[in-house]
Asks: 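Okay, handing you the structure first.
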Amino acid sequence: MPRDSSDPLPNLMRAWTFSRAGSAEGVLELSEQPIPTLRTDSSVLIRVTHVSLHPGTTIMMNLVPFLFRNAPSIAETDFAGVVISVGRKVPVSPSPTNEHRYFPPGTAVFGSIPVGEHLKGAGALAEYLIVDMNYIARKPFNISFAQAAGLPVSGATAVTLMDAASLEPGDRVLINAPCGGIGHFVAQLASRAVSKDGYIVGRCSATSFETAKTLGCNDVVSYSPSEDPALAVGREEAFDKVIDARGSQDLWHSSPRILKSGRDHAYTSVGPVLGSYTYIGMFACLLTMGMNSFLPVWAGGVNREYRQVTSMVDPDKLERLRQLCDEGQLEVLVGEAWAFEDAIQAFQVLAGGHARGKLVICVADPSSLGR
């Protein structure tokens, strides 16, 4: 039997759903859906307060046909909210070996719905959701619900980038897109990793220069599609590491002129940007990934170490993010926020490709839930 709060639940909830592949403005509808029920002993029912967007789910919305997913599907995966009820195997009190992973009703949490469940129709852009306890963590005490919603996928990707880049104290580092959803986490973590003896240059739009500096960049250079990246950033000695938090082919191809050679001086990237939400665009992106990783120099490949990362949300990464925030080592930049009814506007900004920080949708005011 589930353990839950005493407050009765309605029978229906509002959710942004879609039943065919396409752009958010073309396929999303605000509809009423049954409130999901606990399916397993490790499931958790959550009242959602905030949802953040990230490009991966938008790509799936545009490209995955409903031959491979359930209809209707609820949009998005990353959320923050309050636990309503839990399965009987979900810990509800701490123990000597389980100091933080316990979730009694009323607990403020953040988390992410795994891709497999998302393709079955589960999503975060709704008033309630069900998720396994392995995909949530307790909300850091010193950040808001809106900020916590921005942590899961982007934060997990950022720490994976940092692990792969292997920054050392004193390193000179270039970060591409240090103010984006992933990059603003990378900039903060990199600043601490290289310490006061290191030096970080951020490559971003001119309107984001001051933000980049507050996030930990010592210097900034302008991103311009018409400008040779090597001319913009190669003003002094070569970099020890380059971390590309957006995926710039121009920057990768310019790396021999700005990045030291050798396996200790890697170009670490999230991979090339998807040029268009089409199957041709996806094929071209996958081909580019392969060429970046495996094309030999004699065949036209780039003469630098290339490391591309992918990241899945798991309990270890969620706890790592919670701890970093609790210790004041990581903050979440919320670029813009929208009301639940205005979610389509958030997707339109995301599609523009130049959002600052995390884009967040407010589903419910936490104060109205007694938090």
Side-chain angles (χ1 to χ4, degrees), residues 52 54 140 142-144 146-147 150-151 154-155 157-162 165-248 250-251 254-255 258-260 265 267-270 273 321 324-325 327-337 349-350 352-360:
S52 72
H54 63 86
N142 54 357
I143 66 173
S144 68
Q147 290 174 306
L151 277 172
S154 293
T157 304
V159 297
T160 304
L161 277 169
M162 290 295 298
S166 300
L167 301 190
E168 300 288 344
D171 274 348
R172 178 176 165 82
V173 182
L174 172 67
I175 301 175
N176 190 43
C179 302
I182 297 171
H184 85 281
F185 293 127
V186 171
Q188 296 174 71
L189 296 172
S191 177
R192 290 177 170 84
V194 303
S195 73
K196 61 182 178 62
D197 296 323
Y199 197 79
I200 297 175
V201 177
R203 180 176 181 249
C204 56
S205 64
T207 56
S208 297
F209 279 3
E210 291 306 313
T211 300
K213 290 179 180 179
T214 64
L215 291 167
C217 294
N218 303 102
D219 195 5
V220 287
V221 294
S222 179
Y223 163 80
S224 173
S226 61
E227 185 177 20
D228 182 346
L231 295 178
V233 303
R235 298 179 296 179
E236 300 178 16
E237 62 182 285
F239 292 98
D240 295 292
K241 313 282 171 57
V242 174
I243 303 178
D244 188 349
R246 185 173 185 271
S248 168
D250 288 342
L251 188 60
S254 299
S255 61
I258 61 175
L259 176 63
K260 295 177 182 178
H265 305 293
Y267 186 105
T268 308
S269 175
V270 293
V273 173
L321 293 168
L324 285 167
C325 290
E327 294 175 351
Q329 297 185 46
L330 193 66
E331 296 182 3
V332 184
L333 173 62
V334 176
E336 295 183 69
V349 172
L350 180 70
H354 296 287
R356 185 182 306 175
K358 295 299 298 182
L359 306 180
V360 174

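None of these values were measured; they are calculated from a predicted model.
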Asks: Check whether any side-chain N or O of S144 sits under 3.5 Å from a backbone N or O of Q147 as a donor-acceptor pair, and report yes or no.
Replies: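 A pair under 3.5 Å: yes.
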
Asks: Nearest 0.5 angstrom please: D219 CG to R203 CZ, how far?
Replies: 14.0 Å

Asks: Nearest 0.5 Å, what's the CG-OG distance between L333 and S154?
Replies: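 Here the interatomic distance stands at 11.5 Å.
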
Asks: Has the side chain of D240 got a donor or acceptor atom that lies under 3.5 Å from a matching backbone atom of V173?
Replies: no

Asks: Could you report the tightest heavy-atom contact between C204 and A212, atom names first, then the distance?
Replies: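 That would be SG-CB, 4.1 Å.
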
Asks: Is it true that the side chains of R246 and N176 contain a donor and an acceptor less than 3.5 Å apart?
Replies: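 Result is no, nothing qualifies.
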
Asks: With rounding to the nearest 0.5 angstrom, report the CD1 to CD distance, I175 to Q188.
Replies: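 Interatomic distance, I175 CD1 to Q188 CD, rounded to 0.5 Å: 10.0 Å.
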
Asks: Compare all side-chain heavy atoms of F185 with those of V332 and state whether any distance is below 4.5 angstrom.
Replies: yes

Asks: So how far is it from L330 CG to L151 CG, rounded to the nearest 0.5 Å?
Replies: 6.5 Å

Asks: Drop me the distance from L359's CG to H54's NE2, to the nearest 0.5 angstrom.
Replies: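 These two atoms lie 12.0 Å from each other.
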
Asks: Could you go through R172 and K260, starting from their C-alpha distance and side-chain angles, then the distance that decides it, and tell me whether this counts as side-chain contact (heavy atoms from CB on, under 4.5 Å)?
Replies: CA-CA 10 Å; R172 178 176 165 82; K260 295 177 182 178; over 6 Å; no

Asks: Looking at every non-hydrogen atom in both residues, tell me the closest pair between V360 and A146 and how far apart they are.
Replies: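 So the two residues come closest at CG2-O, 3.7 Å.
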
Asks: Give a yes or no answer on whether the side chain of T214 reaches the backbone of T211 with a donor-acceptor pair at less than 3.5 Å.
Replies: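 Yes, because the side chain of T214 sits within donor-acceptor range (under 3.5 Å) of the backbone of T211.
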
Asks: Using only atom types and a distance under 3.5 Å, with no angle test, would you say the side chain of D244 pairs donor to acceptor with the backbone of Y267?
Replies: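 No: the side chain of D244 does not pair with the backbone of Y267.
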
Asks: With side-chain contact (heavy atoms from CB on, under 4.5 Å) as the test, would you mind laying out the steps for V201 and F239 before giving the verdict?
Replies: CA-CA 9 Å; V201 177; F239 292 98; 3.8 Å; yes

Asks: Provide the closest heavy-atom pair for A177 versus A245 in the form atom of the first, atom of the second, distance.
Replies: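 Result for this residue pair: O-CB, 4.1 Å.
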
Asks: Would you check if the side chain of R356 reaches a backbone N or O of T207 as a donor-acceptor pair within less than 3.5 Å?
Replies: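 Pair found, side chain donor or acceptor close to backbone of T207.
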
Asks: Do V220 and K213 make a side-chain contact, defined as non-hydrogen atoms from C-beta onward lying under 4.5 Å apart?
Replies: yes

Asks: Minimum heavy-atom separation for I200 to A190, with atom names?
Replies: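 Looking at all heavy atoms of both residues, the shortest contact is CD1-C, 3.5 Å.
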
Asks: Quick check: do P178 and L215 have side-chain heavy atoms less than 4.5 Å from each other?
Replies: no

Asks: So F209 and C217, side-chain contact (heavy atoms from CB on, under 4.5 Å) or not? Walk me through it.
Replies: CA-CA 9 Å; F209 279 3; C217 294; over 6 Å; no

Asks: Using every non-hydrogen atom in the two residues, find where A206 and S222 come nearest and quote the distance to one decimal.
Replies: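 Answer, listing the atom of A206 first, then S222: N-OG, 4.5 Å.
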
Asks: Rounded to the nearest 0.5 Å, how far apart are OH of Y223 and CG of D250?
Replies: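 Between Y223 OH and D250 CG, I get 7.5 Å after rounding to 0.5 Å.
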
Asks: Run the side-chain contact (heavy atoms from CB on, under 4.5 Å) check on L167 and M162 step by step: do they pass?
Replies: CA-CA 7 Å; L167 301 190; M162 290 295 298; 3.7 Å; yes

